[in-house]
Amino acid sequence: MRVLLADDQTVVRAGFRALLDLTDDLVVVAEAADGVRAVELTRTTRPDVVLMDIRMPRADGLEATRRIAADPALGSVRVLVLTTYEIDEYVFESLRAGAAGFLLKDIDPEDLRSAIRTVAAGHSLLAPAVTRRVIEEFTRLKGPETRAVRRLEPLTGREREVLALVGRGLSNDEIGERLLMSPLTAKTHVSRVMSKLSARDRAQLVVLAYETGLVRAGERPEEGS
């Protein structure tokens with residue numbers, strides 16, 4: 001699995017490279033010291049995962065993540081944001097921008113390697129409870145956003161139900177049980193919702209569910225059904 005390191009501190013990049021060099025299945029293909037260079041190298045090296053710092057010169061990690069997520073040619077690239085704080089406005093914005101998840105900079109080495117493998121395989125990194133907690137923190141005082149609500153117009157009634165359940169943290173199996181359908185059918189509905197909303201992963205669906213008011217801050221999985 002190919003990894004790109006984006007951090008403006010040489011020592012930090014060297015530390016992450018040293019950790020990843022200890023494995024047989026992870027290889028660092030490039031390093032970038034600013035956001036612009038991170039995007040350029042992502043386009044030329046096509047890594048599986050980008051470890052992206054937030055605060056960098058020229059373009060910060062949020063802008064770099066947006067550019068990567070907006071490029072159809074980079075649809076298979078997953079961005080993991082590096083942060084110092086678990087609950088951070090930048091973390092929320094990175095999920096909104098298209099990041100697959102976030103990692104604390106003091107993460108244990110084996111957890112770092114596991115996270116990269118998980119995301120590279122196309123799986124969700126964040127536990128639903130963590131995703132919800134981050135998003136609730138920054139949507140609690142905001143009402144539904146009109147622009148976000150309009151994005152739901154292409155969805156059928158059933159697809160809106162599915163989106164709401166994804167927003168509440170339910171898995172495909174749990175969605176299927178709730179809506180009396182097979183897990184495979186639930187997965188198909190989730191995939192269609194992601195396609196119609198141009199979402200890269202479930203984290204972005206959770207953000208949209210809150211921003212559009214389908215799920216309210218503090219609402220538990222069993223509520224709203």
Side-chain angles (χ1 to χ4, degrees), residues 1-20 26 28 30-39 41-42 47-70 74 77-142 167 169 199-208 210-211 217:
M1 284 163 275
R2 298 158 57 81
V3 181
L4 187 151
L5 303 176
D7 195 296
D8 62 337
Q9 297 184 46
T10 304
V11 173
V12 173
R13 295 199 309 275
F16 279 116
R17 176 183 280 275
L19 292 176
L20 299 182
L26 300 174
V28 176
E31 296 183 25
D34 62 73
V36 171
R37 188 62 176 151
V39 176
L41 288 173
T42 298
D48 298 297
V49 177
V50 178
L51 290 182
M52 184 81 75
D53 187 29
I54 290 293
R55 296 168 180 84
M56 294 188 292
R58 297 180 70 192
D60 64 19
L62 290 177
E63 179 58 28
T65 298
R66 290 189 188 99
R67 294 181 189 180
I68 292 171
L74 302 178
V77 177
R78 294 292 175 260
V79 176
L80 282 175
V81 167
L82 299 170
T83 180
T84 307
Y85 305 103
E86 183 174 316
I87 301 297
D88 187 304
E89 181 178 2
Y90 292 108
V91 171
F92 170 69
E93 291 298 337
S94 70
L95 295 175
R96 175 190 259 172
F102 67 94
L103 299 174
L104 297 178
K105 283 193 173 183
D106 62 356
I107 186 172
D108 291 336
E110 191 50 46
D111 289 340
L112 170 67
R113 301 181 192 111
S114 177
I116 293 173
R117 294 184 185 110
T118 297
V119 170
H123 302 304
S124 175
L125 175 65
L126 295 178
V130 176
T131 306
R132 286 166 56 88
R133 183 152 44 89
V134 170
I135 294 170
E136 284 190 12
E137 183 75 14
F138 296 98
T139 57
R140 189 177 299 278
L141 301 179
K142 296 165 56 179
R200 288 170 66 89
D201 52 39
R202 293 175 84 100
Q204 281 196 300
L205 293 185
V206 176
V207 171
L208 271 170
Y210 276 90
E211 288 185 331

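Because the structure is predicted, anything quoted here is derived from the model rather than measured.
Counting heavy atoms from C-beta on, the side chains of L103 and L51 come closer than 4.5 Å. In this structure the side chain of S94 reaches within 4.5 angstrom of the side chain of L62, judged on heavy atoms. In this structure, the side chains of L82 and F16 come closer than 4.5 Å at one or more pairs of heavy atoms. With a 4.5 Å cut-off on side-chain heavy atoms, D48 and V77 do not count as touching. Between L26 and R113 there is a side-chain heavy-atom pair separated by less than 4.5 Å. Residues L4 and V49 are not in side-chain contact: their nearest non-hydrogen atoms beyond the backbone lie 4.5 Å or more apart. Residues D60 and D34 form no side-chain contact, since every pair of their non-hydrogen atoms from C-beta on lies 4.5 Å or further apart. When side chains are defined from C-beta on, L112 counts as touching I116, because their heavy atoms get closer than 4.5 Å.
For R200, there are no salt bridge (charged side-chain N to carboxylate O under 4.0 Å, His left out) partners at least two apart in sequence or on another chain.
Within the structure, the salt bridge (charged side-chain N to carboxylate O under 4.0 Å, His left out) test picks out the following pairs touching residues 2-11 (sequence neighbours left out): D7-K105.
Salt bridge absent: R55 and E63 never bring a charged side-chain N and a carboxylate O closer than 4.0 Å.
Although no hydrogens or angles enter the test, the distance criterion places no donor-acceptor pair under 3.5 Å between the side chain of S114 and the main chain of E110.
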